[in-house]
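Worksheet: the structure to be examined is printed underneath.
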Amino acid sequence: MIKDITLGQYYPADSILHKLDPRVKLVATLVFIVSLFLVKTWVGYVVATLFLALVIRMSRVPFSFMVRGLKAIIMLLMITVVFNLFLTPGNRVLVSFWKFQITDEGLRTAAFMAVRLIYLIIGSSVMTLTTTPNDLTDGMEKGLGPLKKLHVPVHEMAMIMAIALRFIPILMEETDKIMKAQMARGADFETGNLVQKAKSLVPLLVPLFISAFRRANDLAMAMEARCYHGGEGRTKMKPLRYESRDFKAYGVLGLYLCAVIAVRVLGNYVRLI
Amino acid sequence: MNMIEASRVVYEYAHYDEDGNIDEIKRAVDGVDLDIQKGDFVAILGHNGSGKSTLAKHLNAILTPREGTVWVDGKDTKDEGKIWEIRQSAGMVFQNPDNQIIGTIVEEDVGFGPENMGVPTKEIWERVEESLKAVNMVKYRHHSPNKLSGGQKQRVAIAGVVAMHPQCIVLDEPTAMLDPNGRKEVIRAVRALNQVEDITVVLITHYMEEVIYADKVIVMDEGKIIMQGTPREIFSQVEKLKSCRLDVPQATLLAYELKQAGLKLPDGILTREELVEELCRLKQNT
(Lines give C-alpha, C1' and ligand atoms only; values in the text may rest on other atoms or scores of the structure.)
Protein backbone atom coordinates (compact mmCIF):
# COMPACT_ATOMS: atom_id res chain seq x y z
CA MET A 1 0.00 0.00 0.00
CA ILE A 2 2.73 2.46 0.93
CA LYS A 3 4.66 1.44 -2.17
CA ASP A 4 2.01 3.02 -4.39
CA ILE A 5 3.19 6.53 -3.60
CA THR A 6 5.15 7.72 -6.57
CA LEU A 7 8.02 10.02 -5.91
CA GLY A 8 9.05 13.01 -7.90
CA GLN A 9 5.92 12.27 -9.96
CA TYR A 10 7.90 12.09 -13.19
CA TYR A 11 5.76 11.55 -16.28
CA PRO A 12 7.79 9.98 -19.09
CA ALA A 13 7.07 11.44 -22.52
CA ASP A 14 9.02 12.46 -25.58
CA SER A 15 8.79 16.23 -25.61
CA ILE A 16 11.18 19.12 -26.03
CA LEU A 17 10.56 20.01 -22.39
CA HIS A 18 11.71 16.57 -21.25
CA LYS A 19 14.90 16.96 -23.25
CA LEU A 20 15.81 20.39 -21.92
CA ASP A 21 18.75 20.75 -19.57
CA PRO A 22 17.48 20.55 -15.96
CA ARG A 23 19.24 23.83 -15.19
CA VAL A 24 17.05 25.62 -17.76
CA LYS A 25 13.95 24.18 -16.17
CA LEU A 26 15.07 25.12 -12.66
CA VAL A 27 15.78 28.71 -13.72
CA ALA A 28 12.52 28.87 -15.68
CA THR A 29 10.49 27.74 -12.68
CA LEU A 30 12.18 30.33 -10.52
CA VAL A 31 11.56 33.07 -13.09
CA PHE A 32 7.93 32.05 -13.48
CA ILE A 33 7.35 32.16 -9.71
CA VAL A 34 8.98 35.59 -9.45
CA SER A 35 6.92 36.83 -12.41
CA LEU A 36 3.71 35.78 -10.65
CA PHE A 37 4.52 38.16 -7.84
CA LEU A 38 5.41 40.93 -10.29
CA VAL A 39 2.09 41.04 -12.09
CA LYS A 40 -0.60 43.23 -10.61
CA THR A 41 -3.04 43.68 -13.49
CA TRP A 42 -5.33 41.58 -15.64
CA VAL A 43 -3.09 42.06 -18.64
CA GLY A 44 -0.16 40.67 -16.66
CA TYR A 45 -2.13 37.58 -15.77
CA VAL A 46 -3.09 37.10 -19.40
CA VAL A 47 0.62 37.10 -20.32
CA ALA A 48 1.41 34.57 -17.56
CA THR A 49 -1.53 32.38 -18.60
CA LEU A 50 -0.44 32.37 -22.23
CA PHE A 51 3.10 31.43 -21.24
CA LEU A 52 1.93 28.64 -18.93
CA ALA A 53 -0.48 27.30 -21.54
CA LEU A 54 2.29 27.23 -24.14
CA VAL A 55 4.62 25.35 -21.77
CA ILE A 56 1.95 22.82 -20.79
CA ARG A 57 1.14 22.25 -24.45
CA MET A 58 4.81 21.64 -25.23
CA SER A 59 5.33 19.25 -22.30
CA ARG A 60 2.86 16.70 -23.72
CA VAL A 61 1.87 15.79 -20.18
CA PRO A 62 -1.91 15.33 -19.78
CA PHE A 63 -3.46 18.35 -18.08
CA SER A 64 -5.09 16.16 -15.42
CA PHE A 65 -1.60 15.36 -14.06
CA MET A 66 -0.87 19.06 -13.61
CA VAL A 67 -4.06 19.60 -11.64
CA ARG A 68 -3.35 16.66 -9.37
CA GLY A 69 -0.87 18.73 -7.38
CA LEU A 70 -3.62 21.20 -6.52
CA LYS A 71 -5.37 18.70 -4.25
CA ALA A 72 -2.67 19.18 -1.64
CA ILE A 73 -3.29 22.92 -1.33
CA ILE A 74 -7.07 23.01 -1.64
CA MET A 75 -7.52 23.96 2.04
CA LEU A 76 -4.89 26.68 1.84
CA LEU A 77 -6.51 27.96 -1.31
CA MET A 78 -9.97 28.18 0.25
CA ILE A 79 -8.73 29.92 3.38
CA THR A 80 -6.83 32.46 1.28
CA VAL A 81 -9.81 33.18 -0.91
CA VAL A 82 -12.28 33.49 1.96
CA PHE A 83 -10.07 35.80 4.01
CA ASN A 84 -9.25 38.03 1.08
CA LEU A 85 -12.82 38.13 -0.07
CA PHE A 86 -14.35 39.23 3.20
CA LEU A 87 -11.62 41.14 4.95
CA THR A 88 -10.24 43.47 2.27
CA PRO A 89 -11.43 47.05 2.70
CA GLY A 90 -12.48 48.81 -0.52
CA ASN A 91 -14.43 51.72 -1.95
CA ARG A 92 -17.47 50.05 -3.42
CA VAL A 93 -19.37 47.53 -1.33
CA LEU A 94 -20.93 44.84 -3.50
CA VAL A 95 -22.61 42.57 -0.97
CA SER A 96 -22.95 43.06 2.75
CA PHE A 97 -24.46 40.88 5.45
CA TRP A 98 -24.10 40.84 9.24
CA LYS A 99 -20.54 42.04 9.99
CA PHE A 100 -19.05 41.03 6.65
CA GLN A 101 -18.94 42.81 3.36
CA ILE A 102 -17.51 42.00 -0.04
CA THR A 103 -15.90 44.92 -1.76
CA ASP A 104 -14.72 45.26 -5.36
CA GLU A 105 -11.17 45.40 -4.07
CA GLY A 106 -11.71 42.20 -2.06
CA LEU A 107 -13.08 40.35 -5.05
CA ARG A 108 -10.10 41.39 -7.12
CA THR A 109 -7.45 40.41 -4.54
CA ALA A 110 -9.16 37.09 -3.84
CA ALA A 111 -9.25 36.20 -7.52
CA PHE A 112 -5.64 37.27 -8.04
CA MET A 113 -4.39 35.34 -5.00
CA ALA A 114 -6.21 32.20 -6.10
CA VAL A 115 -4.84 32.39 -9.63
CA ARG A 116 -1.37 33.10 -8.29
CA LEU A 117 -1.39 30.05 -6.00
CA ILE A 118 -2.80 27.76 -8.68
CA TYR A 119 -0.22 28.89 -11.24
CA LEU A 120 2.53 28.48 -8.67
CA ILE A 121 1.66 24.83 -8.14
CA ILE A 122 1.06 24.09 -11.82
CA GLY A 123 4.27 25.84 -12.79
CA SER A 124 6.41 23.77 -10.44
CA SER A 125 4.49 20.61 -11.36
CA VAL A 126 5.51 21.13 -14.97
CA MET A 127 9.12 20.96 -13.86
CA THR A 128 8.81 17.87 -11.65
CA LEU A 129 6.66 16.09 -14.22
CA THR A 130 9.19 16.55 -17.01
CA THR A 131 12.43 16.06 -15.05
CA THR A 132 13.65 12.84 -13.42
CA PRO A 133 14.77 13.23 -9.80
CA ASN A 134 18.28 12.33 -10.92
CA ASP A 135 18.40 15.08 -13.50
CA LEU A 136 17.05 17.46 -10.91
CA THR A 137 19.86 16.76 -8.44
CA ASP A 138 22.42 16.89 -11.24
CA GLY A 139 21.00 20.20 -12.38
CA MET A 140 21.15 21.59 -8.87
CA GLU A 141 24.72 20.46 -8.37
CA LYS A 142 25.88 22.02 -11.61
CA GLY A 143 23.66 25.09 -11.36
CA LEU A 144 24.77 25.91 -7.84
CA GLY A 145 28.40 25.12 -8.71
CA PRO A 146 29.58 28.74 -8.31
CA LEU A 147 28.55 28.58 -4.64
CA LYS A 148 31.42 26.12 -4.07
CA LYS A 149 33.75 29.12 -3.98
CA LEU A 150 31.83 30.31 -0.92
CA HIS A 151 32.46 26.88 0.68
CA VAL A 152 28.87 25.77 0.27
CA PRO A 153 28.98 21.94 0.10
CA VAL A 154 27.05 21.74 -3.18
CA HIS A 155 28.31 18.32 -4.23
CA GLU A 156 27.58 16.80 -0.83
CA MET A 157 24.05 18.24 -0.80
CA ALA A 158 23.33 16.81 -4.23
CA MET A 159 24.77 13.43 -3.20
CA ILE A 160 22.59 13.39 -0.06
CA MET A 161 19.51 14.11 -2.17
CA ALA A 162 20.39 11.42 -4.69
CA ILE A 163 20.94 8.82 -1.95
CA ALA A 164 17.72 9.83 -0.20
CA LEU A 165 15.83 9.32 -3.45
CA ARG A 166 17.41 5.89 -3.84
CA PHE A 167 16.54 4.78 -0.30
CA ILE A 168 13.00 6.14 0.07
CA PRO A 169 11.39 3.17 -1.70
CA ILE A 170 13.59 0.72 0.23
CA LEU A 171 12.69 2.26 3.58
CA MET A 172 9.02 2.36 2.63
CA GLU A 173 9.08 -1.33 1.86
CA GLU A 174 10.77 -1.90 5.18
CA THR A 175 8.12 0.14 7.03
CA ASP A 176 5.49 -1.98 5.38
CA LYS A 177 7.29 -5.14 6.47
CA ILE A 178 7.70 -4.02 10.09
CA MET A 179 4.07 -2.91 10.21
CA LYS A 180 2.86 -6.27 8.97
CA ALA A 181 5.14 -8.11 11.38
CA GLN A 182 3.74 -6.12 14.30
CA MET A 183 0.16 -6.40 13.11
CA ALA A 184 0.64 -10.17 12.98
CA ARG A 185 1.51 -10.00 16.65
CA GLY A 186 -1.53 -7.95 17.57
CA ALA A 187 -0.34 -4.35 17.14
CA ASP A 188 -3.13 -1.92 16.22
CA PHE A 189 -2.35 1.02 13.96
CA GLU A 190 -5.86 1.94 12.93
CA THR A 191 -8.19 2.49 15.89
CA GLY A 192 -8.02 5.08 18.66
CA ASN A 193 -7.72 8.83 18.69
CA LEU A 194 -4.84 10.82 17.30
CA VAL A 195 -2.68 10.52 20.43
CA GLN A 196 -3.15 6.77 20.58
CA LYS A 197 -2.36 6.43 16.90
CA ALA A 198 0.80 8.48 17.31
CA LYS A 199 1.81 6.32 20.27
CA SER A 200 1.36 3.15 18.29
CA LEU A 201 3.85 4.47 15.73
CA VAL A 202 6.72 4.49 18.24
CA PRO A 203 7.36 0.73 18.08
CA LEU A 204 7.37 1.14 14.32
CA LEU A 205 9.82 4.01 14.20
CA VAL A 206 12.42 2.55 16.56
CA PRO A 207 13.28 -0.52 14.45
CA LEU A 208 13.02 1.58 11.30
CA PHE A 209 15.58 4.06 12.61
CA ILE A 210 17.94 1.34 13.76
CA SER A 211 17.81 -0.31 10.37
CA ALA A 212 18.25 3.02 8.57
CA PHE A 213 21.42 3.70 10.56
CA ARG A 214 22.71 0.22 9.82
CA ARG A 215 22.05 0.74 6.13
CA ALA A 216 23.77 4.12 6.22
CA ASN A 217 26.80 2.50 7.81
CA ASP A 218 26.91 -0.26 5.18
CA LEU A 219 26.43 2.22 2.36
CA ALA A 220 29.22 4.47 3.61
CA MET A 221 31.56 1.50 3.67
CA ALA A 222 30.50 0.39 0.19
CA MET A 223 31.02 3.92 -1.13
CA GLU A 224 34.49 4.14 0.40
CA ALA A 225 35.35 0.72 -0.99
CA ARG A 226 34.51 2.12 -4.41
CA CYS A 227 36.94 4.99 -3.94
CA TYR A 228 34.39 7.68 -3.09
CA HIS A 229 36.23 10.62 -1.56
CA GLY A 230 33.98 13.63 -2.11
CA GLY A 231 33.51 15.74 -5.22
CA GLU A 232 37.21 16.43 -5.65
CA GLY A 233 38.64 15.03 -8.87
CA ARG A 234 35.39 13.31 -9.76
CA THR A 235 34.28 12.93 -13.36
CA LYS A 236 30.72 12.57 -14.57
CA MET A 237 29.21 9.69 -16.48
CA LYS A 238 26.42 11.90 -17.77
CA PRO A 239 27.80 15.44 -17.79
CA LEU A 240 25.34 18.29 -18.35
CA ARG A 241 26.01 20.26 -21.50
CA TYR A 242 23.96 23.12 -22.91
CA GLU A 243 22.69 22.56 -26.43
CA SER A 244 21.16 24.99 -28.87
CA ARG A 245 17.63 24.19 -27.71
CA ASP A 246 18.60 25.19 -24.19
CA PHE A 247 19.75 28.61 -25.37
CA LYS A 248 16.54 29.02 -27.34
CA ALA A 249 14.59 28.18 -24.18
CA TYR A 250 16.54 30.81 -22.27
CA GLY A 251 15.64 33.26 -25.06
CA VAL A 252 11.92 32.53 -24.77
CA LEU A 253 12.19 32.83 -20.99
CA GLY A 254 13.92 36.21 -21.34
CA LEU A 255 11.18 37.45 -23.68
CA TYR A 256 8.53 36.36 -21.20
CA LEU A 257 10.24 38.13 -18.33
CA CYS A 258 10.59 41.30 -20.43
CA ALA A 259 6.88 41.16 -21.30
CA VAL A 260 5.88 40.81 -17.66
CA ILE A 261 8.12 43.67 -16.59
CA ALA A 262 6.85 45.85 -19.46
CA VAL A 263 3.25 45.23 -18.47
CA ARG A 264 4.06 46.07 -14.88
CA VAL A 265 5.87 49.30 -15.74
CA LEU A 266 3.30 50.42 -18.28
CA GLY A 267 0.55 49.62 -15.80
CA ASN A 268 1.89 52.37 -13.54
CA TYR A 269 1.29 55.00 -16.25
CA VAL A 270 -1.70 53.73 -18.13
CA ARG A 271 -4.51 52.47 -15.95
CA LEU A 272 -5.68 49.54 -17.98
CA ILE A 273 -8.10 48.43 -15.32
CA MET B 1 54.72 -11.10 -7.11
CA ASN B 2 51.83 -11.96 -4.82
CA MET B 3 48.50 -10.24 -5.23
CA ILE B 4 47.75 -10.21 -1.53
CA GLU B 5 50.13 -11.00 1.24
CA ALA B 6 49.51 -10.77 4.96
CA SER B 7 51.86 -11.48 7.78
CA ARG B 8 50.84 -12.07 11.41
CA VAL B 9 47.76 -9.83 11.14
CA VAL B 10 45.97 -9.06 14.40
CA TYR B 11 42.77 -7.05 14.76
CA GLU B 12 40.87 -6.39 17.97
CA TYR B 13 37.41 -5.04 18.66
CA ALA B 14 36.94 -3.29 21.95
CA HIS B 15 33.65 -3.59 23.82
CA TYR B 16 32.75 -0.65 26.02
CA ASP B 17 30.64 -0.80 29.17
CA GLU B 18 28.09 1.89 30.09
CA ASP B 19 30.71 4.30 31.48
CA GLY B 20 32.75 4.15 28.29
CA ASN B 21 35.52 2.02 29.76
CA ILE B 22 36.86 -0.90 27.81
CA ASP B 23 35.55 -3.99 29.54
CA GLU B 24 36.46 -6.59 26.98
CA ILE B 25 38.78 -6.86 24.03
CA LYS B 26 37.91 -9.42 21.42
CA ARG B 27 40.51 -10.61 18.99
CA ALA B 28 38.64 -11.00 15.72
CA VAL B 29 41.74 -11.81 13.70
CA ASP B 30 44.62 -13.43 15.52
CA GLY B 31 47.95 -13.79 13.76
CA VAL B 32 46.85 -14.61 10.23
CA ASP B 33 49.31 -15.20 7.40
CA LEU B 34 47.98 -15.06 3.86
CA ASP B 35 49.56 -15.57 0.49
CA ILE B 36 47.30 -15.16 -2.52
CA GLN B 37 48.74 -15.44 -6.02
CA LYS B 38 47.56 -13.48 -9.06
CA GLY B 39 44.71 -15.20 -10.88
CA ASP B 40 43.82 -17.48 -7.96
CA PHE B 41 40.32 -18.31 -6.81
CA VAL B 42 40.59 -18.47 -3.03
CA ALA B 43 37.70 -19.32 -0.73
CA ILE B 44 37.69 -18.44 2.94
CA LEU B 45 35.40 -20.57 5.09
CA GLY B 46 34.28 -20.24 8.64
CA HIS B 47 31.16 -20.11 10.75
CA ASN B 48 29.72 -16.86 12.15
CA GLY B 49 32.19 -14.95 14.28
CA SER B 50 35.24 -16.76 12.98
CA GLY B 51 36.81 -13.47 11.86
CA LYS B 52 36.50 -14.07 8.14
CA SER B 53 34.60 -10.84 7.39
CA THR B 54 37.00 -8.81 9.51
CA LEU B 55 39.88 -10.32 7.59
CA ALA B 56 38.14 -9.48 4.29
CA LYS B 57 37.90 -5.82 5.26
CA HIS B 58 41.66 -5.77 5.68
CA LEU B 59 42.17 -6.72 2.06
CA ASN B 60 41.13 -3.34 0.72
CA ALA B 61 42.14 -1.12 3.59
CA ILE B 62 38.69 -0.54 5.10
CA LEU B 63 40.33 -1.81 8.28
CA THR B 64 44.04 -1.70 9.02
CA PRO B 65 45.69 -4.31 11.21
CA ARG B 66 46.58 -3.56 14.82
CA GLU B 67 49.66 -5.73 14.48
CA GLY B 68 51.29 -7.20 11.42
CA THR B 69 51.05 -6.00 7.81
CA VAL B 70 48.85 -6.52 4.76
CA TRP B 71 50.26 -5.89 1.29
CA VAL B 72 47.93 -5.53 -1.68
CA ASP B 73 49.78 -5.66 -4.97
CA GLY B 74 52.94 -4.77 -3.09
CA LYS B 75 51.42 -1.76 -1.29
CA ASP B 76 51.15 -1.61 2.49
CA THR B 77 47.51 -0.95 3.49
CA LYS B 78 48.68 1.30 6.32
CA ASP B 79 50.06 3.75 3.75
CA GLU B 80 47.42 6.54 3.72
CA GLY B 81 48.69 7.99 0.48
CA LYS B 82 48.09 4.78 -1.46
CA ILE B 83 44.65 4.00 -0.05
CA TRP B 84 42.74 4.82 -3.26
CA GLU B 85 45.15 2.80 -5.38
CA ILE B 86 44.68 -0.16 -3.05
CA ARG B 87 40.89 0.13 -3.15
CA GLN B 88 41.01 0.33 -6.92
CA SER B 89 43.15 -2.78 -7.28
CA ALA B 90 41.20 -4.80 -4.70
CA GLY B 91 37.48 -4.20 -5.14
CA MET B 92 34.96 -5.36 -2.59
CA VAL B 93 31.42 -6.74 -2.81
CA PHE B 94 29.37 -6.86 0.38
CA GLN B 95 26.63 -9.05 1.76
CA ASN B 96 23.51 -6.90 1.51
CA PRO B 97 22.75 -6.08 -2.12
CA ASP B 98 20.48 -3.13 -1.24
CA ASN B 99 23.00 -1.35 0.92
CA GLN B 100 25.79 -1.16 -1.63
CA ILE B 101 24.00 0.13 -4.70
CA ILE B 102 24.27 3.91 -4.89
CA GLY B 103 22.76 4.78 -8.27
CA THR B 104 19.04 4.96 -8.99
CA ILE B 105 19.58 3.37 -12.41
CA VAL B 106 21.68 0.24 -12.98
CA GLU B 107 24.15 1.80 -15.42
CA GLU B 108 24.64 4.86 -13.20
CA ASP B 109 25.54 2.64 -10.29
CA VAL B 110 28.09 0.73 -12.35
CA GLY B 111 29.60 4.08 -13.38
CA PHE B 112 29.94 5.26 -9.77
CA GLY B 113 33.38 3.75 -9.14
CA PRO B 114 34.98 5.04 -12.36
CA GLU B 115 33.44 8.48 -11.69
CA ASN B 116 35.19 8.56 -8.33
CA MET B 117 38.47 7.59 -9.93
CA GLY B 118 38.24 10.49 -12.35
CA VAL B 119 37.98 8.37 -15.50
CA PRO B 120 37.02 10.46 -18.60
CA THR B 121 33.32 10.32 -19.54
CA LYS B 122 33.78 8.41 -22.78
CA GLU B 123 35.81 5.70 -21.08
CA ILE B 124 33.26 5.40 -18.25
CA TRP B 125 30.63 4.43 -20.82
CA GLU B 126 32.95 1.81 -22.34
CA ARG B 127 33.73 0.38 -18.91
CA VAL B 128 30.04 0.28 -17.92
CA GLU B 129 29.22 -1.52 -21.15
CA GLU B 130 31.88 -4.20 -20.74
CA SER B 131 31.24 -4.70 -17.01
CA LEU B 132 27.53 -5.22 -17.55
CA LYS B 133 28.38 -7.66 -20.31
CA ALA B 134 30.78 -9.55 -18.03
CA VAL B 135 27.98 -10.26 -15.52
CA ASN B 136 25.31 -10.66 -18.21
CA MET B 137 23.17 -7.71 -17.09
CA VAL B 138 23.21 -5.49 -20.22
CA LYS B 139 19.47 -6.03 -20.67
CA TYR B 140 18.73 -4.33 -17.37
CA ARG B 141 20.94 -1.27 -17.79
CA HIS B 142 18.08 1.24 -17.72
CA HIS B 143 16.20 -0.46 -14.87
CA SER B 144 15.88 0.77 -11.32
CA PRO B 145 17.84 -1.49 -8.91
CA ASN B 146 14.74 -1.69 -6.71
CA LYS B 147 12.96 -3.76 -9.32
CA LEU B 148 15.69 -6.43 -9.64
CA SER B 149 15.96 -9.75 -7.81
CA GLY B 150 18.62 -10.29 -5.16
CA GLY B 151 20.91 -12.21 -7.50
CA GLN B 152 20.59 -9.54 -10.17
CA LYS B 153 21.32 -6.76 -7.67
CA GLN B 154 24.39 -8.61 -6.49
CA ARG B 155 25.57 -9.00 -10.10
CA VAL B 156 25.11 -5.24 -10.55
CA ALA B 157 27.25 -4.71 -7.47
CA ILE B 158 29.91 -7.00 -8.97
CA ALA B 159 29.75 -5.08 -12.27
CA GLY B 160 30.25 -1.87 -10.28
CA VAL B 161 33.50 -3.28 -8.93
CA VAL B 162 34.60 -4.74 -12.28
CA ALA B 163 34.19 -1.30 -13.90
CA MET B 164 37.03 -0.06 -11.70
CA HIS B 165 39.34 -2.57 -13.45
CA PRO B 166 40.55 -4.25 -10.28
CA GLN B 167 43.13 -7.01 -10.25
CA CYS B 168 41.38 -8.68 -7.37
CA ILE B 169 37.80 -8.86 -6.09
CA VAL B 170 36.99 -9.66 -2.48
CA LEU B 171 33.43 -10.91 -1.99
CA ASP B 172 32.22 -10.87 1.61
CA GLU B 173 29.43 -13.45 1.79
CA PRO B 174 27.83 -12.19 -1.41
CA THR B 175 25.25 -14.97 -1.46
CA ALA B 176 24.20 -15.02 2.20
CA MET B 177 20.94 -13.14 1.57
CA LEU B 178 20.02 -14.79 -1.73
CA ASP B 179 17.80 -17.69 -2.71
CA PRO B 180 19.40 -20.81 -4.30
CA ASN B 181 18.88 -19.52 -7.85
CA GLY B 182 20.41 -16.16 -7.01
CA ARG B 183 23.36 -17.93 -5.40
CA LYS B 184 24.00 -19.92 -8.57
CA GLU B 185 23.80 -16.78 -10.76
CA VAL B 186 26.30 -14.93 -8.61
CA ILE B 187 28.77 -17.79 -8.33
CA ARG B 188 28.59 -18.38 -12.08
CA ALA B 189 29.38 -14.68 -12.69
CA VAL B 190 32.27 -14.77 -10.23
CA ARG B 191 33.78 -17.90 -11.80
CA ALA B 192 33.51 -16.36 -15.26
CA LEU B 193 35.40 -13.28 -14.07
CA ASN B 194 38.12 -15.47 -12.63
CA GLN B 195 38.47 -17.66 -15.72
CA VAL B 196 37.78 -15.22 -18.57
CA GLU B 197 39.10 -11.92 -17.23
CA ASP B 198 41.76 -13.55 -15.04
CA ILE B 199 40.77 -11.52 -11.98
CA THR B 200 41.93 -12.83 -8.61
CA VAL B 201 38.92 -13.78 -6.50
CA VAL B 202 38.69 -14.04 -2.72
CA LEU B 203 35.30 -15.50 -1.86
CA ILE B 204 34.17 -15.47 1.75
CA THR B 205 31.28 -17.79 2.42
CA HIS B 206 29.79 -20.46 4.58
CA TYR B 207 28.12 -22.36 1.75
CA MET B 208 30.22 -25.40 0.98
CA GLU B 209 28.89 -25.88 -2.55
CA GLU B 210 30.49 -22.57 -3.56
CA VAL B 211 33.90 -23.63 -2.36
CA ILE B 212 34.46 -26.70 -4.54
CA TYR B 213 35.51 -24.61 -7.57
CA ALA B 214 38.22 -22.75 -5.66
CA ASP B 215 41.91 -23.28 -6.28
CA LYS B 216 42.58 -22.97 -2.59
CA VAL B 217 40.43 -23.10 0.52
CA ILE B 218 41.26 -21.44 3.82
CA VAL B 219 39.28 -22.45 6.91
CA MET B 220 39.12 -20.01 9.80
CA ASP B 221 38.02 -20.49 13.37
CA GLU B 222 38.28 -18.01 16.25
CA GLY B 223 40.40 -15.61 14.26
CA LYS B 224 43.01 -18.19 13.24
CA ILE B 225 43.59 -20.14 10.07
CA ILE B 226 43.13 -23.78 11.01
CA MET B 227 43.18 -25.50 7.61
CA GLN B 228 44.54 -24.61 4.20
CA GLY B 229 44.68 -26.48 0.92
CA THR B 230 42.80 -27.55 -2.20
CA PRO B 231 39.08 -28.30 -1.79
CA ARG B 232 39.88 -32.02 -2.10
CA GLU B 233 42.43 -31.89 0.69
CA ILE B 234 40.10 -29.91 2.94
CA PHE B 235 37.02 -32.01 2.40
CA SER B 236 38.82 -35.27 2.98
CA GLN B 237 39.04 -34.21 6.63
CA VAL B 238 35.35 -34.48 7.42
CA GLU B 239 35.88 -35.00 11.15
CA LYS B 240 37.97 -31.88 11.57
CA LEU B 241 35.50 -29.73 9.65
CA LYS B 242 32.66 -30.99 11.79
CA SER B 243 34.60 -30.13 14.93
CA CYS B 244 34.65 -26.47 13.91
CA ARG B 245 30.92 -26.47 13.17
CA LEU B 246 31.22 -26.48 9.40
CA ASP B 247 29.21 -28.60 7.01
CA VAL B 248 30.66 -30.49 4.09
CA PRO B 249 29.00 -30.75 0.66
CA GLN B 250 26.26 -33.36 0.60
CA ALA B 251 28.08 -35.64 -1.85
CA THR B 252 31.21 -35.52 0.29
CA LEU B 253 29.24 -36.32 3.41
CA LEU B 254 27.50 -39.27 1.75
CA ALA B 255 30.82 -40.63 0.49
CA TYR B 256 32.26 -40.24 3.98
CA GLU B 257 29.36 -42.12 5.58
CA LEU B 258 29.58 -44.88 2.95
CA LYS B 259 33.27 -45.20 3.60
CA GLN B 260 32.65 -45.46 7.32
CA ALA B 261 30.21 -48.24 6.51
CA GLY B 262 32.95 -50.16 4.74
CA LEU B 263 32.85 -49.17 1.05
CA LYS B 264 36.22 -48.58 -0.59
CA LEU B 265 35.79 -44.97 -1.73
CA PRO B 266 38.62 -42.45 -2.12
CA ASP B 267 38.82 -39.37 0.12
CA GLY B 268 37.64 -35.90 -0.91
CA ILE B 269 34.78 -36.59 -3.29
CA LEU B 270 33.27 -33.17 -4.04
CA THR B 271 30.40 -33.46 -6.53
CA ARG B 272 27.51 -35.78 -7.13
CA GLU B 273 28.96 -36.77 -10.54
CA GLU B 274 32.23 -37.87 -8.97
CA LEU B 275 30.40 -39.94 -6.39
CA VAL B 276 28.28 -41.64 -9.06
CA GLU B 277 31.39 -42.42 -11.09
CA GLU B 278 33.24 -43.90 -8.11
CA LEU B 279 30.25 -45.99 -7.09
CA CYS B 280 29.88 -47.35 -10.64
CA ARG B 281 33.56 -48.26 -10.72
CA LEU B 282 33.19 -49.97 -7.36
CA LYS B 283 30.28 -51.98 -8.69
CA GLN B 284 32.15 -53.05 -11.83
CA ASN B 285 35.12 -54.23 -9.80
CA THR B 286 33.06 -56.44 -7.56
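Just so we're on the same page: letters track the sequence lines, and every chain starts at 1.
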Donor-acceptor under 3.5 Å ([X] side chain, [Y] main chain):
X	Y	result
B:Thr77	B:Ala61	no
B:Gln88	B:His165	yes
B:Gln152	B:Ser149	yes

Residue among [options] with most heavy-atom pairs under 4.5 Å to chain A:
options	result
B:Pro120, B:Ala163, B:Gly160	B:Gly160
B:Val93, B:Ile83, B:Ile105, B:Thr121	B:Thr121
B:Ala90, B:Gly111, B:Gly91, B:Gly118	B:Gly118
B:Met117, B:Glu108, B:Lys122	B:Glu108

Which answer fits [X], side chain, backbone, both or neither, if we ask what part of it has an atom under 4.5 Å from a heavy atom of chain A?
X	result
B:Ile62	side chain
B:Glu123	neither
B:Ile86	neither
B:Trp84	both
B:Asn60	side chain
B:Gln95	neither
B:Lys57	side chain
B:Phe94	side chain
B:Val128	side chain
B:Pro114	backbone

Exercise answer: donor-acceptor pairs, residues 218-229 of chain A side-chain atoms, under 3.5 Å, sequence neighbours excluded:
unit_1, atom_1, unit_2, atom_2, d
A:Asp218, OD2, B:Asn99, ND2, 3.2
A:Arg226, NH1, B:Gln100, O, 3.3
A:Arg226, NH2, B:Asp109, O, 2.4
A:Tyr228, OH, A:His155, NE2, 2.8
A:His229, ND1, A:Cys227, O, 2.6

Under a 4.0 Å threshold between the charged nitrogen and the carboxylate oxygen, would [Y] count as salt-bridged to [X]?
X	Y	answer
B:Lys78	B:Asp76	no
B:Glu12	B:Lys26	no
A:Lys142	A:Asp21	no
A:Asp138	A:Arg23	no

Legend entry - A:Tyr250: partners by ring pair (Phe, Tyr, Trp, His ring centres under 6.0 Å), with sequence neighbours left out: A:Tyr242

Legend entry - Choice from A:Ala162, A:Pro239, A:Ala216 maximising heavy atom contacts with chain B below 4.5 Å: A:Pro239

Inset, instruction - May I ask you to list the residues in residues 132-143 of chain B that approach chain A closer than 4.5 angstrom, counting heavy atoms only, ordered by number? - result: none

Legend entry - Over 12 non-hydrogen atoms of neighbours within 6.0 angstrom of CG in A:Leu194: no

Inset, instruction - Check the surroundings of atom CZ in A:Arg57: do more than 12 heavy atoms from other residues, nucleotides or ligands lie under 6.0 Å from it? - result: no

Please output the side-chain donor-acceptor pairs of residues 46-55 of chain B that fall under 3.5 Å, not counting sequence neighbours, one pair per line with the distance.
unit_1, atom_1, unit_2, atom_2, d
B:His47, NE2, B:Asp221, OD1, 2.9
B:His47, NE2, B:Arg245, NH2, 3.2
B:Ser50, OG, B:His47, O, 2.9
B:Lys52, NZ, B:Gly46, O, 3.1
B:Lys52, NZ, B:Glu173, OE2, 3.3
B:Ser53, OG, B:Asp172, OD1, 2.8
B:Ser53, OG, B:Asp172, OD2, 3.2

Inset, instruction - Taking the six-membered ring of B:Phe41 (Phe, Tyr or Trp), confirm whether the NZ or CZ of B:Arg191 is under 6.0 Å from its centre and within 45° of its axis. - result: no

